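Let me begin by presenting the structure, written as structure tokens, before commenting on it.
This one's a predicted model, so the numbers in the text were calculated from it and none came from an experiment. Residues: numbered from 1 along the sequence shown.
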Amino acid sequence: MKTVLTKFLAFGSIALLMLASCKKDGVKVTATPGTPGALTASATTIVLTSATAGDNAVSFSYTPTDYGFKSAVTYTLQIALKGANFANSKDIGLTAKSKAYTGADLNTMLLSMGLIAGNPAQLETRIKSELATNVQTTYSNVLTLTVTPYFDIPFYASLYVPGAYQGWSPATAMRISSPSDNKLYEGYVNYTDAGSLEFKYTSDPDWNHTNYGDAGSGKLSTSGGNLSVPSTGYYLLKADLTGNTWSVTKTQWGIIGDATPGGWGASTALTFDSATQTWGGTIHLTAGGFCKFRANDAWDINLGDNKPANGILKYGGENIPVTVTGDYKVTLDLTHPAFYFYSLIKQ
């Protein structure tokens with residue numbers, strides 16, 4: 001009996017060995033960090049304008065990350081301010097190998113990132129590739145873009161200012177506007193010809209609706225004569241249709257502050273550019289200081305920025321910070337009634 005049992009165990013052992021030798025090893029796939037794809041852009045210097053808002057501003061394209069096998073990969077386009085190491089980046093999930101932006105869409109994103117309209121800024125872009133939670137995230141090359149956003153300028157309730165200065169044509173006249181639509185209007189008009197200083201206000205860009213003229217003593221009337229400014233110059237025009245009053249103030253603009261050559265004691269004059277209808281100049285500004293714009297070397301009419309600064313001006317607004325010392329191209333744009341802005345571009 002013992003001999004039989006011994007033979008049975010021996011044969012059992014051989015059978016197990018045979019089964020073990022016939023068992024096929026499973027195929028193991030180990031995911032390792034992939035070889036990043038390449039990111040390219042159709043343009044790296046982009047100046048956006050409202051006139052080309054509907055055009056394609058930039059297209060991003062990338063080649064897939066190579067993990068050594070077919071896999072489902074999540075791709076994200078990341079856009080951030082240069083030098084921020086992609087902190088607070090705009091992350092755009094991608095479903096194709098390219099992503100295009102119109103000027104309007106890109107401009108909206110840039111302004112939401114805190115960029116100031118009219119000021120060039122640098123961005124960094126890259127593609128983030130993700131395979132699974134246990135696989136190291138892969139990043140593409142980093143592209144640097146120089147972009148300049150624009151203001152999406154609102155059209156407020158307005159009065160038109162036809163006059164001798166432009167041929168008495170309401171359709172092509174300057175406007176004064178009321179951002180709160182409360183019948184208080186303002187705007188700036190440049191009068192260059194001493195023989196063409198008269199004007200009127202019209203409710204529409206034609207003569208077929210309500211027209212406002214001079215009723216005397218600073219009053220407006222729908223039956224009044226022509227309004228006028230006393231001499232050539234760049235004027236702030238105002239109209240109050242609640243009290244039916246009007247006023248004009250001649251202005252000469254400058255910049256003031258401890259960042260400017262004159263400090264807070266005196267304005268540094270700006271020059272009017274008749275081609276662009278803006279005020280400006282190249283001025284040395286000092287880091288750590290502030291500045292504001294003001295008219296007539298006085299504080300009656302002064303413009304500062306919002307907080308945080310976004311390039312849009314308001315009367316009596318915040319001081320504008322200067323972070324880097326250097327020569328700046330300074331531009332003050334008052335051409336859009338009741339919506340004023342500036343740029344400080346380091347040269």
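- Here the shortest heavy-atom pairing between Ala57 and Leu106 reads CB-CD2, 4.2 Å.
- Here Arg126 contributes atom CZ and Leu143 contributes atom CG; the two are 12.0 Å apart, rounded to the nearest 0.5 Å.
- From Asn302, atom CG reaches atom CZ of Arg294 across 8.5 Å, with rounding to the nearest 0.5 Å.
- Residues Ile176 and Gly187 approach most closely at CG2-N, 3.5 Å, considering heavy atoms.
- Here the CD1-OG1 distance, from Ile46 to Thr52, works out to 11.0 Å after rounding to the nearest 0.5 Å.
- No side-chain donor from either of Asn244 and Tyr212 sits under 3.5 Å from a side-chain acceptor of the other.
- For an aromatic pair to be called close, the ring centres must be under 6.0 Å apart, and Tyr185 with Tyr201 fails this.
- What you find for Ser89 and Ala80 is that their closest heavy atoms are CB-CB, 3.8 Å.
- Side-chain contact of Asp273 with Thr278: a donor-acceptor pair under 3.5 Å is absent, judged by distance alone.
- Lys329 NZ to Asp327 CG: the interatomic distance, rounded to the nearest 0.5 Å, is 13.5 Å.
- Residue Thr271 holds its OG1 atom at 8.0 Å from CD of Gln252, rounded to the nearest 0.5 Å.
- When ring centroids are compared, Tyr340 and Phe293 stay outside the 6.0 Å threshold.
- Cluster annotation: Tyr234 and Leu197 are assigned to distinct hydrophobic clusters (Ile/Leu/Val/Met/Phe/Trp/Tyr, side-chain heavy-atom contacts under 4.5 Å, transitive).
- In the model, Ser98 has no side-chain atom that pairs as donor or acceptor with a side-chain atom of Ser61 under 3.5 Å.
- Atom NZ of Lys238 has 12 or fewer heavy atoms from other residues, nucleotides or ligands within 6.0 Å.
- In this structure the side chain of Thr44 never reaches within 4.5 angstrom of the side chain of Thr144, judged on heavy atoms.
- More than 12 heavy-atom neighbours from other residues, nucleotides or ligands sit within 6.0 angstrom of CG on Asp193.
- One N or O on the side chain of Asp214 and one on the backbone of Gly216 form a donor-acceptor pair closer than 3.5 Å.
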Could you go through Phe60 and Ile92, starting from their C-alpha distance and side-chain angles, then the distance that decides it, and tell me whether this counts as side-chain contact (heavy atoms from CB on, under 4.5 Å)? CA-CA 12 Å; Phe60 297 100; Ile92 302 94; over 6 Å; no
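- By the 4.5 Å heavy-atom criterion applied to side chains, Phe151 and Asp333 are not counted as neighbours.
- For the pair Leu334/Leu303, a side-chain contact is recorded, criterion being any heavy-atom separation below 4.5 Å from C-beta on.
- For the pair Tyr235 and Thr249, the minimum side-chain heavy-atom distance is 4.5 Å or more.
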Quick one: do Thr202 and Asp206 satisfy side chain to side chain donor-acceptor pair (under 3.5 Å)? Show the steps, please. CA-CA 7 Å; Thr202 64; Asp206 56 50; over 6 Å; no
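- Note that CG of Asn226 is 4.0 Å distant from CH2 of Trp168, once rounded to the nearest 0.5 Å.
- Partner of His336 under the ring-ring contact (aromatic ring centres under 6.0 Å, His included) criterion, out of Phe341, Phe155, Tyr188, Tyr150: Phe341 alone.
- Looking at every heavy atom in both residues, Tyr139 comes nearest to Pro36 through O-CB, 3.2 Å.
- Seen from the ring of Tyr101, Lys99 counts as a face-on cation partner, given the 6.0 Å and 45° thresholds.
- Taking 4.5 Å as the limit, some side-chain heavy atom of Trp253 sits within range of a side-chain heavy atom of Ile301.
- Contact between Pro337 and Glu186 at its shortest, heavy atoms only, is CB-O, 3.6 Å.
- The side-chain heavy atoms of Leu48 and Leu110, taken from C-beta on, include a pair separated by under 4.5 Å.
- Here the closest heavy-atom approach between residue Ile116 and residue Asn310 is recorded as CG2-O, 3.7 Å.
- Taking 4.5 Å as the limit, every side-chain heavy atom of Thr251 sits out of range of all side-chain heavy atoms of Phe272.
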